[in-house]
Structures are given as structure tokens and as C-alpha cells.
Amino acid sequence: MDWYRKLRTFLTEVNGELKRTSWPSRMEVQGTTGVVILTVFIFALYLYVVDTFLFKTIDWIFTIAG
């Protein structure tokens with residue numbers, strides 16, 4: 001039953017740590033989530049523009065060389 005004592009000690013320590021944790025408010029979570037989503041869309045748009053530009057440039061090079 002040594003594993004039971006170790007498990008109980010571990011769970012007691014986890015519970016103690018969770019009580020000392022400072023949790024963000026709902027508004028903070030919503031704000032940071034919004035920033036992350038906006039940043040993902042900005043990077044996606046940027047990568048789309050760069051990818052399209054490079055594709056058109058390479059296509060133009062092969063057309064001229066062709």
C-alpha cells in the first residue's frame with residue numbers, strides 16, 4: 001500500500017499548489033484569446049500574399065525560360 005500513500009501525498013501537494021495559483025479573469029482570457037486569433041489571421045494573410053507572390057514570380061520565370 002506504499003503506492004497509495006505516495007498517490008495521496010502527491011494529490012495533496014497538487015491541491016496545495018492549485019490553491020496558490022493565480023487564475024486569470026474571464027475578461028483577461030477573452031482579451032488574450034482575441035489577440036491570438038487576430039495574430040493568426042494576420043500571419044495567415046501575410047503568408048498567403050508571400051506564397052502567391054513567389055508562385056507568380058516562379059511561374060513567370062519558367063514562362064520566360066520556357
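Atom-to-atom distance recorded for Phe53:CZ and Ile58:CD1 is 10.0 Å, nearest 0.5 angstrom. Between the OG1 atom of Thr32 and the CD1 atom of Ile37 there is a distance of 9.5 Å, given to the nearest 0.5 Å. In this structure, Thr52 OG1 and Leu47 CG are separated by 10.5 Å, a value rounded to the nearest 0.5 Å. Atom NZ of Lys56 sits about 10.5 Å away from atom OG1 of Thr63, to the nearest 0.5 Å.
Proximity of Leu18 to Trp23: side-chain heavy atoms (C-beta onward) are separated by under 4.5 Å at one or more points.
The cluster map of Ile, Leu, Val, Met, Phe, Trp and Tyr, joined by side-chain heavy atoms under 4.5 Å apart, puts Leu7 and Val14 in the same cluster. Ile64 and Ile61 fall within a single hydrophobic cluster, where Ile, Leu, Val, Met, Phe, Trp and Tyr are joined by side-chain heavy atoms under 4.5 Å apart, directly or via other members. When the side chains of ILVMFWY residues are joined at heavy-atom separations under 4.5 Å, either directly or via intervening members, Tyr4 and Phe10 end up in a single hydrophobic cluster.
Identified under the side chain to side chain donor-acceptor pair (under 3.5 Å) test for residues 8-22, with sequence neighbours left out: Glu17-Arg20.
For Asp2 and Arg5, the salt-bridge test passes: some basic side-chain N is under 4.0 Å from an acidic carboxylate O.
The one candidate from Val49, Ile42, Val50 that meets the side-chain contact (heavy atoms from CB on, under 4.5 Å) condition with Tyr46 is Val50.
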